[in-house]
A.B. asks: 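Take a look at the following structure, please.
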Amino acid sequence: MKQLPFMGVICIVMLFIVYRTTIYQYHKTEMEMKLYRFEMVKDYQQPSGKLRSLPRGIMQVRSDLEIRPLWMSSSSRQASVNTNKNLLAMPVGIMQKENVDDVVEKFLAANFTIILFHYDGNVDGWWDLDWGDKAIHVVAHNQTKWWFAKRFLHPNVVSIYDYIFLWDEDLGVDHFDPKRYLQIVKTAGLEISQPALDPDSTEIHHKITIRSRTKKLHRRVYELRGKTKCSKASEGPPCSGFVEGMAPVFTRSAWYCAWHLIQNDLVHGWGMDMKLGYCAQGVRSKKVGVIDSEYIVHKGIQSLGGSGYPATRTTVKRNGASGFDLRTEIRRQSTWELEVFKERWNRAVEEDKNWVDPFLRYQSRKKQTSTHLRS
């Protein structure tokens, strides 16, 4: 009988230890899920028949784009590997070497990992630059930015990077600082963003991308003239929740979604900008924005790798026939791809009976709240 109080204390202590251990494991698992959200956790815990011959601890489902040395000293082997946390990916051609050099220098100074997609096949022309061997170079003739991104920026490969910059090569960065840009993006809680375009840029397709001189950032635009009218009641692209395809910036989560939106066979990416807001991990009018204080100049070179056009008007012969304008042919292909993308989206919406448009639901809820307040 005298031992009962003592046994009670032991039981209480053991229960407390079990409780604390359970809480610790829960928080540890939760943290791992946040850090490595792209791992196929279920597949990892229950390996398929193709993986059952391997012990679980040896399997790695992720990779990255960090360059590793062929050898290291014994002291450096003990040190932890310093990996960059943000990624710049650009399609490049040798004709834009000087401009690309300016861009890469700024991003390397901000500790970015750099991957260049060479659509003209010329890699040797870049080795004389100081950073030539620090970047990753991928070559495929006459391929676009979206073709490269779909094949070389799989979410499991870029999951260590907090932000992915997928830029064209013809952007001036004299008034842009990557570090300041990311500070603004993080503070504003943006999942998808782009730097604003200087009003003097060669080509501006949507007013929402134009820099405001009085703001740090903006999420919507008001325009009562022209074909597309944007008012306070306007919801969705191109009035709000919109960035253009030339210089998008994605968080890790947003890129996971956007990568799945990219169509493997539609290489010009036309139409995607109108749907990127669905990858904003929330209400696109709040989670998508344009940064005004850190802006760029679109020089409008129209390189093949970015917007889908060659840098100069080119006439070539096909099967001995009379010459044809390559830019015209590419534009025709891009327009066709746009229609195909729209058809696929509409068909997917119709066939997926469980899918509910989150923004229609949000607008309905917003309208009901507004009606309630007026009454």
Side-chain angles (χ1 to χ4, degrees), residues 85-90 103 106-107 109-112 161-168 170-224 226 228-255 257-258 272-299 358-359 362-363 366:
K85 291 299 182 182
N86 302 298
L87 175 69
L88 170 67
M90 295 177 66
V103 176
K106 281 209 168 187
F107 279 83
N111 201 32
F112 273 66
Y161 305 107
D162 296 328
Y163 290 90
I164 294 95
F165 288 61
L166 188 57
W167 281 20
D168 289 356
D170 56 347
L171 304 175
V173 292
D174 290 343
H175 307 284
F176 180 84
D177 182 272
K179 289 184 177 179
R180 288 200 298 265
Y181 180 91
L182 288 179
Q183 287 175 354
I184 297 170
V185 167
K186 291 174 183 178
T187 302
L190 300 179
E191 292 284 332
I192 302 175
S193 62
Q194 76 161 80
L197 296 178
D198 187 284
D200 296 328
S201 294
T202 304
E203 291 188 9
I204 295 177
H205 301 291
H206 301 281
K207 188 176 179 180
I208 194 173
T209 63
I210 301 176
R211 180 196 177 211
S212 170
R213 299 181 186 277
T214 60
K215 298 179 180 178
K216 183 175 289 187
L217 65 92
H218 65 273
R219 294 180 172 89
R220 63 164 52 246
V221 68
Y222 301 98
E223 177 61 68
L224 300 179
T228 303
K229 294 178 173 58
C230 298
S231 65
K232 287 185 177 180
S234 301
E235 293 288 344
C239 301
S240 67
F242 177 83
V243 298
E244 203 166 356
M246 70 177 71
V249 179
F250 303 91
T251 63
R252 184 189 299 117
S253 300
W255 177 248
C257 172
M272 271 191 53
D273 52 0
M274 294 293 177
K275 302 301 181 184
L276 283 177
Y278 285 91
C279 292
Q281 313 300 299
V283 179
R284 61 188 171 190
S285 59
K286 298 179 181 179
K287 294 290 188 178
V288 181
V290 179
I291 309 303
D292 297 295
S293 58
E294 300 299 321
Y295 62 98
I296 57 177
V297 177
H298 184 211
K299 299 181 179 181
F359 302 118
Y362 170 74
Q363 291 174 29
K366 187 177 179 181

A.B. asks: With side chains defined as the heavy atoms from C-beta onward, is the minimum distance between Arg220 and Glu235 less than 4.5 Å?
C.D. replies: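 In short, these two side chains touch, coming nearer than 4.5 Å.
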A.B. asks: Would you say Val249 and Trp167 make side-chain contact, with heavy atoms under 4.5 Å?
C.D. replies: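 Side chain of Val249 against side chain of Trp167, heavy atoms only: contact under 4.5 Å found.
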A.B. asks: Any heavy-atom pair between the side chains of Val103 and Leu88 that's under 4.5 Å?
C.D. replies: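 In short, these two side chains touch, coming nearer than 4.5 Å.
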A.B. asks: Hey, could you give me the SG/CD1 distance between Cys257 and Ile192, rounded to the nearest 0.5 Å?
C.D. replies: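 The distance works out to 7.0 Å.
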A.B. asks: Any side-chain heavy-atom pair from His218 and Ile208 closer than 4.5 angstrom?
C.D. replies: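 SC-SC contact between His218 and Ile208 confirmed.
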A.B. asks: Verify, without hydrogens or angle tests, whether Arg180 (side chain) and Ser293 (backbone) share a donor-acceptor contact under 3.5 angstrom.
C.D. replies: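 Not at all, since once roles are kept as given, no pair shorter than 3.5 Å links the two residues.
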A.B. asks: Please answer whether the main-chain N or O of Phe176 pairs with a side-chain N or O of Lys106 as donor and acceptor at a distance below 3.5 Å.
C.D. replies: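 Between the backbone of Phe176 and the side chain of Lys106 there is a qualifying donor-acceptor contact (under 3.5 Å).
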A.B. asks: If you compare all heavy atoms of Val243 against all heavy atoms of Pro248, which two are closest, and at what distance to 0.1 Å?
C.D. replies: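 Minimum heavy-atom contact is CG2-CB, 4.4 Å.
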A.B. asks: Between the main-chain N or O of Lys286 and the side-chain N or O of Arg219, is there a donor-acceptor pair closer than 3.5 Å?
C.D. replies: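 Here the side-chain-to-backbone pair exists.
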A.B. asks: Just so I know, are the side chains of Pro237 and Arg284 near enough to count as touching, which here means a heavy-atom distance under 4.5 Å?
C.D. replies: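 Counting from C-beta outward, Pro237 and Arg284 do come under 4.5 Å.
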A.B. asks: How many angstroms lie between atom CG of Asp198 and atom CG of Asp292, to the nearest 0.5 angstrom?
C.D. replies: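 Reported value, rounded in 0.5 Å steps: 11.5 Å.
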A.B. asks: Verify the neighbour count for atom NZ of Lys229: are there more than 12 heavy atoms of other residues, nucleotides or ligands below 6.0 Å?
C.D. replies: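 Atom NZ in Lys229 is crowded, with more than 12 foreign heavy atoms closer than 6.0 Å.
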A.B. asks: Checking Asp177 now: which residues fulfil salt bridge (charged side-chain N to carboxylate O under 4.0 Å, His left out) with it, not counting sequence neighbours?
C.D. replies: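 For Asp177, no residue satisfies salt bridge (charged side-chain N to carboxylate O under 4.0 Å, His left out) once neighbours in sequence are set aside.
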A.B. asks: For this output row, return yes or no: ring centroids of Tyr161 and Phe112 closer than 6.0 angstrom.
C.D. replies: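 Ring centroids of Tyr161 and Phe112 are no less than 6.0 Å from each other.
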A.B. asks: A side-chain contact here means heavy atoms from C-beta on lying under 4.5 Å apart; do Thr209 and His298 qualify?
C.D. replies: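 Counting from C-beta outward, Thr209 and His298 never come under 4.5 Å.
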A.B. asks: Quick one: pull up CD in Glu244 and CE in Met272 and give me the separation to the nearest 0.5 Å.
C.D. replies: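 It comes to 13.0 Å.
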A.B. asks: In the structure I gave you, are the side-chain heavy atoms of Pro195 and His175 within less than 4.5 Å of one another anywhere?
C.D. replies: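 No, their side chains stay 4.5 Å or more apart.
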A.B. asks: Evaluate the side-chain proximity of Ile296 to Leu197: yes if any heavy-atom separation is below 4.5 Å, no if none is.
C.D. replies: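 Answer yes - side chains close enough.
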A.B. asks: Can you check side-chain contact (heavy atoms from CB on, under 4.5 Å) on Thr228 and Glu223, steps first, answer last?
C.D. replies: CA-CA 8 Å; Thr228 303; Glu223 177 61 68; over 6 Å; no
A.B. asks: Using distance only, find each side-chain donor-acceptor pair of residues 181-190 under 3.5 Å and give its atom names and separation, not counting sequence neighbours.
C.D. replies:
| unit_1 | atom_1 | unit_2 | atom_2 | d |
| --- | --- | --- | --- | --- |
| Tyr181 | OH | Ser193 | OG | 2.7 |
| Tyr181 | OH | Gln194 | N | 3.1 |
| Thr187 | OG1 | Gln183 | O | 2.8 |

